[in-house]
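Written below as structure tokens is the structure these notes are about.
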Amino acid sequence: MLGIIQRLESADPRRGLFVYDDFVGPPAFVPYREFPARVAAAADFFRAQGVTPGARVVLPFETSTAVLFSFLGLMELGALPLSVKPYILSTPKGPYRDFLARITERYGAWRILDAPSLSGLELPLPRLSMPPEGVKRAGARLREVAPEELAFVQFSSGSTSFPKGIPITQGNLSANLRMIVQHDGRTNDDRVTSWLPLYHDMGLIGGLLTCLVEGNDLLLSQPAAFLMDPLGWFEQMSTEKVTGSVIPNFAIDYALKTLKDLDAEDVKRMDLKRVRSIYLGSEPINIPNLQQFLALLAPAGLKRDVFMPCYGMAETVLMVASTAPYQEVRVVTAPNGQPAISVGRPLSEFRVRLRAEDGRVCGEGEMGEVELGGGSLAPSYFLDDRPLLGEDGYYATGDLGFQQGGELFITGRINDRIKVNGQSFFSADFEQAVERVPFIRPGRTAVIQVQGRLVVLAEVNHPSVLERLEESQQQVCRSVLETVGVTLPAKDVLFIRYGQLQKTSSGKLQRRAITEAYEQGRVRTVTPSELRADLLKMRAQRLVLGSVIVARQRGRRWMATGRSALTAGFERLRGKGKRTEGA
């Protein structure tokens with residue numbers, strides 16, 4: 001990685017990193033050619049603070065240049081950043097502090113980077129100050145690193161257990177970065193936008209570090225910017241001539257709510273013709289929503305072959321498989337009768353096979369567990385002597401899928417498999433069916449199996465849904481029957497209070513924890529009055545987190561609307577004047 005950064009010193013001075021607080025701007029711009037000097041200066045600062053090679057530093061990876069250069073500076077020094085999620089204002093302090101304490105104890109951390117989000121928090125280990133903003137060491141030459149040297153530690157999603165530390169070597173990091181940029185064929189003329197959090201492998205590797213490899217512009221925004229203003233993301237792609245991005249499926253589902261409310265003329269005013277590749281991964285893809293998304297943005301010039309469904313994991317640094325650029329998504333019927341979307345051919349550096357429940361290696365079109373070998377796969381988890389690979393040289397991923405025509409299809413996780421009358425389904429099959437109902441909040445549904453019963457736990461968006469409870473439950477049951485072909489009793493459809501569906505730092509449902517909470521009676525259904533209170537609380541949090549973003553966005557749009565109205569008014573006056581003159 002340091003060699004990649006050193007080469008940036010000869011980059012075009014107009015190319016670099018544009019960091020936005022929101023999608024409005026103006027962004028902070030750091031030319032790529034300044035990266036070596038800034039990384040070296042950060043390393044000097046940490047060395048003066050007593051940081052030594054090998055020291056393990058917990059790094060809450062906020063989206064800022066200060067934290068980014070701290071991360072790279074620690075790498076230059078030979079210290080080991082443990083990349084974790086930052087503290088987010090609306091989350092409880094106790095559980096976050098406990099999370100940091102477990103990381104500290106398990107991995108022997110020496111310090112924690114004193115990122116701005118930690119202000120006012122009691123921490124389980126001493127703070128490490130960040131370098132002054134913008135500090136540089138002119139003429140810096142970064143050190144050469146061996147392929148086996150550890151670059152940093154990233155963490156698994158933690159959907160079934162406490163997140164596992166994954167050691168990322170310099171060699172594996174460089175290899176996977178090279179695989180990604182060769183696969184999508186980008187050049188330094190491309191412009192990429194990302195709002196994904198940097199503590200997550202998809203945001204750090206796919207969104208940020210790949211751009212350093214090719215020296216193409218990166219427009220990096222805060223994760224909250226998309227949550228507060230998904231329309232702003234499309235406007236940024238339009239005005240800034242963006243060619244690529246990387247997103248989870250959640251973004252499609254979330255953005256649809258806004259897109260459905262737009263007038264056709266509003267969509268046509270956007271220009272998305274330059275967008276040529278958007279990696280789409282991280283979670284099961286909702287196929288009907290994806291098709292609807294493409295149809296809604298077709299008038300803006302978004303092409304149907306723009307999405308590249310992909311598959312990867314933190315254990316491999318990031319990517320394992322992806323569809324090729326300029327290829328429309330391929331949907332087939334899976335062995336369990338449900339639709340499945342291709343994530344493309346596995347990258348040539350990896351060995352991929354599937355193993356059936358009875359231990360056989362699967363043939364074409366047979367469902368089985370995905371097993372991996374080769375490529376940039378980590379040899380083990382951090383500070384864990386047990387190898388990831390089995391005796392035959394393959395790592396059992398816990399993901400289920402099948403291969404057809406050389407392409408890989410992922411259908412779900414082994415732990416998410418649900419059997420009904422001898423037929424296999426996945427929790428996501430049911431959850432996507434439930435979320436087709438308009439009053440269900442996107443991404444706020446969990447379907448679990450308890451003693452053979454299927455139980456739907458879902459958040460709804462309006463108290464009126466609860467006031468006609470039986471009718472609402474039946475509507476959910478009909479959607480599941482029509483989509484999946486399984487009959488559910490209405491009494492097993494529960495509308496619950498907000499915030500009870502535990503998720504990982506990357507937004508995945510922690511199904512085991514949710515099931516345990518339900519079995520222990522800790523999941524509460526919601527009344528109309530409680531839902532009104534929850535809605536008020538959520539709106540208040542959004543005001544606190546996003547009032548500046550929303551105000552600035554509204555101001556910009558108001559100004560644009562006002563200018564249009566004034567222009568139209570002047571045109572009308574001019575027209576009247578001409579008619580008067582000719583009378």
Side-chain angles (χ1 to χ4, degrees), residues 1-9 11 13 16-19 21 27-87 100 103-104 107-121 123-146 149-154 168 170 173 197-199 203-204 208-209 211-212 218 220 222:
M1 191 68 231
L2 297 178
I4 290 170
I5 293 171
Q6 188 66 60
R7 289 195 295 273
L8 291 174
E9 67 179 350
L17 175 64
F18 299 78
V19 181
D21 288 330
F29 174 59
V30 183
Y32 283 143
R33 60 168 48 196
E34 290 186 6
F35 268 52
R38 291 204 183 199
V39 171
D44 291 344
F45 177 84
F46 288 131
R47 190 178 292 110
Q49 305 305 306
V51 183
T52 57
R56 298 168 192 161
V57 177
V58 177
L59 189 136
F61 217 142
E62 299 176 13
T63 300
S64 73
T65 54
V67 176
L68 170 60
F69 285 113
S70 294
F71 170 74
L72 296 173
L74 289 169
M75 191 185 297
E76 160 67 10
L77 183 57
L80 186 62
L82 309 179
S83 173
V84 300
K85 61 185 178 182
Y87 177 70
L100 293 179
I103 293 289
T104 300
Y107 300 111
W110 175 73
R111 292 285 189 275
I112 183 168
L113 187 73
D114 194 13
S117 69
L118 302 183
S119 176
L121 283 180
L123 299 175
L125 73 170
R127 299 171 187 257
L128 176 65
S129 299
M130 291 198 303
E133 184 70 48
V135 62
K136 290 180 278 190
R137 191 221 297 168
R141 301 297 302 176
L142 303 183
R143 66 187 181 92
E144 294 185 6
V145 293
E149 180 180 324
L150 290 186
F152 61 96
V153 174
Q154 65 184 8
I168 304 300
Q170 293 283 355
L173 175 60
L198 297 179
Y199 60 84
L204 177 60
L208 172 61
L209 298 186
C211 294
L212 303 187
L218 172 61
L220 183 64
Q222 299 292 333

Angle between ring planes, F71 versus F61, binned at 30° and 60°: parallel, tilted or perpendicular? tilted
What's the shortest heavy-atom distance between A115 and V67, and which atoms? CB-CG2, 4.3 Å
Would you call L17 and F29 a side-chain contact if the rule is heavy atoms closer than 4.5 Å? no
Kindly give the heavy-atom pair with the smallest separation between P86 and Y199, and that separation in Å. CD-CD2, 3.2 Å
Can a donor-acceptor pair be found, under 3.5 Å and without considering hydrogens, that links the side chain of Q49 to the backbone of L128? no
Under 3.5 Å: donor-acceptor pair, side chain of Q6, backbone of L142: yes
If you measure from OG1 on T63 to CG on L198, what distance do you get to the nearest 0.5 Å? 4.0 Å
Would you indicate whether the side-chain heavy atoms of P27 and V19 approach each other to under 4.5 Å? no
Of all heavy-atom pairs linking S129 and F46, the shortest is O-CE2, 3.4 Å
Does the pair Y32 and C211 meet the rule for a side chain to side chain contact (heavy atoms under 4.5 Å, CB included), with working shown? CA-CA 10 Å; Y32 283 143; C211 294; 3.7 Å; yes
When L173 is tested against each of I4, I168, L150, V145 for side-chain contact (heavy atoms from CB on, under 4.5 Å), which residue passes? I168
Do L100 and V58 have side chains that approach each other closer than 4.5 Å (heavy atoms only, starting at C-beta)? yes
State plainly whether the residues E76 and R137 are in salt-bridge range, i.e. N to O under 4.0 Å. no
If I take atom CG from residue L59 and atom NZ from residue K85, how far apart are they, to the nearest 0.5 angstrom? 15.0 Å
Knowing that exactly one of L80, V39, V51, L82 qualifies, which makes a side-chain contact (heavy atoms from CB on, under 4.5 Å) with L74? V51
A side-chain contact here means heavy atoms from C-beta on lying under 4.5 Å apart; do P81 and V153 qualify? no
Can you list everything that forms a side chain to side chain donor-acceptor pair (under 3.5 Å) with T104? Sequence neighbours excluded, please. none
When every non-hydrogen atom of G73 is compared with those of A43, the smallest separation belongs to O-CB, 3.5 Å
Q222 versus D21, closest heavy-atom pair with distance: CG-O, 3.5 Å
Can you find a heavy atom in the side chain of R143 that is under 4.5 Å from one in the side chain of L2? yes
First locate atom CG of L208, then atom CG of L68, and finally report the distance between them rounded to the nearest 0.5 Å. 5.5 Å
Would you say the side chain of L220 lies within less than 4.5 Å of the side chain of F18, judging by non-hydrogen atoms? no
Mind checking the CZ-NZ spacing from R38 to K136? Nearest 0.5 Å is all I need. 5.5 Å
Short side-chain to backbone donor-acceptor contact, Q170 and M1, under 3.5 Å: yes
R56 side chain to A79 main-chain N or O, any donor-acceptor pair under 3.5 Å? no
Apply the test side chain to side chain contact (heavy atoms under 4.5 Å, CB included) to residues L118 and R127: give CA-CA distance (whole Å), side-chain angles for both, the deciding distance (0.1 Å), then the verdict. CA-CA 10 Å; L118 302 183; R127 299 171 187 257; 3.7 Å; yes
Please report the interatomic distance OG(S70) to CE(M75), rounded to the nearest 0.5 Å. 12.0 Å
Smallest separation among heavy atoms of W110 and P126, with atom names: O-CD, 4.1 Å
Taking the side chain as C-beta and beyond, is there a heavy-atom pair between F45 and P132 under 4.5 Å? yes
Please check if the side chain of E62 supplies one atom and the backbone of S117 the other of a donor-acceptor pair under 3.5 Å. yes
Could you state the interatomic distance from CG (L72) to OG1 (T65), rounded to the nearest 0.5 Å? 11.5 Å
Any donor-acceptor N/O pair, T52 side chain to A55 backbone, under 3.5 Å: no
